[in-house]
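The structure appears right after this line, and notes come after that.
Below, chains carry the letters A, B, ... as their sequence lines are ordered, and counting in each starts from 1.
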2 protein chains.
Amino acid sequence: MIVPPKNPNETNREYAFRVISMNIISLDIEPGSMIGEQEIANVLGLSRTPVHEALLELSKSKIVDILPQKGCLVSMIDSDLIREARFLRITVETALVEDACEMAKEADINELEENLQLQEFYLSKDTDKFFNLDNEFHKTIYRICNKMQCYYMVNLMSIHFDRVRNLSLHSVKDLKIVSDHHAICDAIKAKDPVAARAAFQKHMARFELDWNIISREYKQYISDGSK
Amino acid sequence: MIVPPKNPNETNREYAFRVISMNIISLDIEPGSMIGEQEIANVLGLSRTPVHEALLELSKSKIVDILPQKGCLVSMIDSDLIREARFLRITVETALVEDACEMAKEADINELEENLQLQEFYLSKDTDKFFNLDNEFHKTIYRICNKMQCYYMVNLMSIHFDRVRNLSLHSVKDLKIVSDHHAICDAIKAKDPVAARAAFQKHMARFELDWNIISREYKQYISDGSK
DNA sequence: GAAATCGAACTAGCATACAAGATGCATTCA
DNA sequence: TGAATGCATCTTGTATGCTAGTTCGATTTC
């Protein structure tokens, strides 16, 4: 488990949540493994309480399953939950990119374009950095539309999806993500909701290809009943 | 504050969450009021711990705002958060009713129709019962489409919307909700996604009218900047 | 040898205790 | 009189202790 330093303005609970989430997405905590509150509390140098509260929040998205008096099971990669997370993102963000065509100011477009410059720079250099930039790109679209609370809810559930997306970045070679993002950004800039919708859906459709590769390559992490 | 009995298989945390949510929606806990963990713990006969955890979960949807070392502020009725909650529901459930046209089995249609029978029965008799049936109707649509995790996430945020919806049921006389539901159900039964989408959007559009009435009638509960 | 039983060692839920920051009022001081 | 100060008393965040339920292995029993 990777333990970054605690940020100054972060509560212990937020710190625990951040570190555990990170390690689940990066697979440094293995899908299907059991983790105990005390065990994590020891690693992070905290008491059980903030760790308990962080795990409670994670359990809301079913990324962990708290089994009372037994322990905390980190979920296997579950195609049903990924399908739900992906449905939610596609549905919500498709509507958002359309709205963004009216809502986006010049400064917003600049923010997106600056992000895309950095994406190009880091794509082949630093996978984790790129992953964060990708997340920021999507988050900016929520912000443009004044839907930050929706972002929080969708993002919490997206962790299932993120875990696979992170694997993709490390495994799948043919990455067209940045040009997809450019197409979305250009459509918003051109105030063309039809093009924005199309570009976004094309972007999200790539996942099907990745999933085919990932699901073969990481069989041991994928729960039964999926393919 | 109304305190129903604790269900047998419910943890104290779940009980606290259920009771506090209920009282926020029913306005038995007033918008803008401060509540303390100890105070609620006393009323429910619990310790602070499960109450604290319940409030943490509620704070995720911003329906309460935990101010460290000060207290817990129950949010005013906030048009921005309602707009977000409503956007999320409309966006997600519009997509769902379309999918439901393919997914719904005969048993599912029966479940919806049985629910509608009860809605007609209780509409003028028992507002709270009707409110629950309305919720169940929407929940069933998620279940038909195998999107229960999405239901949980959308529902958590919907509490802002629910608080006003509950006021509507008590204040707004001209209720066409049941016939709306019938139209949605009939479209799903006829496997007509275009009609289902239209019926659902017509249903959700009613809220604008209600909001105009509510926002005048309950000004004291509505946060500044809204109209 | 196999099955049943008991108990030690785990777990999370919850209660309680303590720490540290916010508040408000009484007191002090100019 | 008015502003500043300090303390008593709130609050939530966190740590710790206790309870009860689960697991697993050693021991007993047949």
Side-chain angles (χ1 to χ4, degrees), chain A residues 1 3-21 23-24 29-76, chain B residues 1 3-21 23-24 29-76:
Chain A
M1 180 152 147
V3 181
K6 184 168 175 299
N7 294 335
N9 294 327
E10 193 173 42
T11 64
N12 289 349
R13 172 185 357 116
E14 289 162 346
Y15 176 54
F17 181 81
R18 181 166 65 86
V19 176
I20 299 169
S21 303
N23 280 278
I24 289 176
I29 298 178
E30 283 195 26
S33 63
M34 288 286 266
I35 54 182
E37 293 179 356
Q38 189 65 65
E39 170 195 353
I40 292 183
N42 291 341
V43 173
L44 301 188
L46 306 170
S47 79
R48 277 179 52 216
T49 304
V51 174
H52 176 70
E53 291 170 352
L55 288 173
L56 258 180
E57 184 173 353
L58 284 166
S59 75
K60 297 304 174 190
S61 63
K62 290 205 168 59
I63 191 66
V64 303
D65 190 7
I66 298 176
L67 308 170
Q69 281 72 49
K70 287 173 73 174
C72 187
L73 177 68
V74 179
S75 80
M76 298 288 271
Chain B
M1 180 151 147
V3 181
K6 184 168 175 296
N7 293 335
N9 294 327
E10 192 174 44
T11 64
N12 289 351
R13 173 182 0 114
E14 290 162 345
Y15 175 54
F17 180 82
R18 180 166 65 86
V19 177
I20 299 168
S21 303
N23 280 279
I24 288 176
I29 298 178
E30 283 196 26
S33 64
M34 288 287 266
I35 54 182
E37 294 179 356
Q38 189 65 62
E39 170 196 352
I40 293 182
N42 291 341
V43 173
L44 300 188
L46 304 171
S47 79
R48 273 182 56 215
T49 305
V51 174
H52 176 71
E53 290 169 352
L55 288 173
L56 258 180
E57 184 173 352
L58 284 165
S59 75
K60 297 304 173 190
S61 63
K62 290 205 167 59
I63 191 65
V64 303
D65 190 6
I66 299 176
L67 308 170
Q69 279 74 49
K70 287 172 73 174
C72 187
L73 178 68
V74 179
S75 80
M76 298 288 271

Could you report the tightest heavy-atom contact between [X] and [Y], atom names first, then the distance?
{"X": "B:Asn9", "Y": "B:Glu14", "value": "O-OE1, 4.2 Å"}
{"X": "B:Ala16", "Y": "B:Val51", "value": "CB-CA, 4.2 Å"}
{"X": "B:Pro4", "Y": "B:Val19", "value": "CD-CG2, 3.9 Å"}
{"X": "A:Ile20", "Y": "A:Ala54", "value": "CD1-CB, 4.3 Å"}

Taking only N and O in the side chain of [X], is any of them less than 4.0 Å away from OP1 or OP2 of [N]?
{"X": "A:His52", "N": "C:dA12", "value": "no"}
{"X": "B:Lys70", "N": "C:dT23", "value": "yes"}
{"X": "A:Thr49", "N": "D:dT14", "value": "no"}
{"X": "B:Arg13", "N": "C:dG13", "value": "yes"}
{"X": "B:Asn12", "N": "C:dG13", "value": "no"}

May I have the distance from [X] (atom [atom1]) to [N] (atom [atom2]), rounded to whole angstrom?
{"X": "A:Arg48", "N": "C:dA15", "atom1": "CZ", "atom2": "P", "value": "14 Å"}
{"X": "B:Leu44", "N": "C:dA15", "atom1": "CG", "atom2": "C1'", "value": "15 Å"}
{"X": "A:Asn42", "N": "D:dT16", "atom1": "CG", "atom2": "C1'", "value": "13 Å"}
{"X": "B:Gln38", "N": "D:dT9", "atom1": "CD", "atom2": "C1'", "value": "14 Å"}
{"X": "B:Leu55", "N": "D:dG13", "atom1": "CG", "atom2": "C1'", "value": "13 Å"}
{"X": "B:Ile66", "N": "C:dG21", "atom1": "CD1", "atom2": "P", "value": "19 Å"}
{"X": "B:Tyr15", "N": "C:dA15", "atom1": "OH", "atom2": "P", "value": "12 Å"}
{"X": "B:Phe17", "N": "C:dG13", "atom1": "CZ", "atom2": "C1'", "value": "18 Å"}

* Contact class for B:Leu73 (heavy atom, under 4.0 Å): base, sugar-phosphate, or nothing? -> nothing
* With a 4.0 Å cut-off on heavy atoms, is A:Ile35 in touch with a base, just the backbone sugar-phosphate, or nothing at all? -> sugar-phosphate
* Side chains of B:Glu53 and A:His52 in contact at under 4.5 Å (non-hydrogen atoms) -> yes
* Has the side chain of B:Gln69 got a donor or acceptor atom sitting under 3.5 Å from an opposite partner on the base of C:dA22? -> no
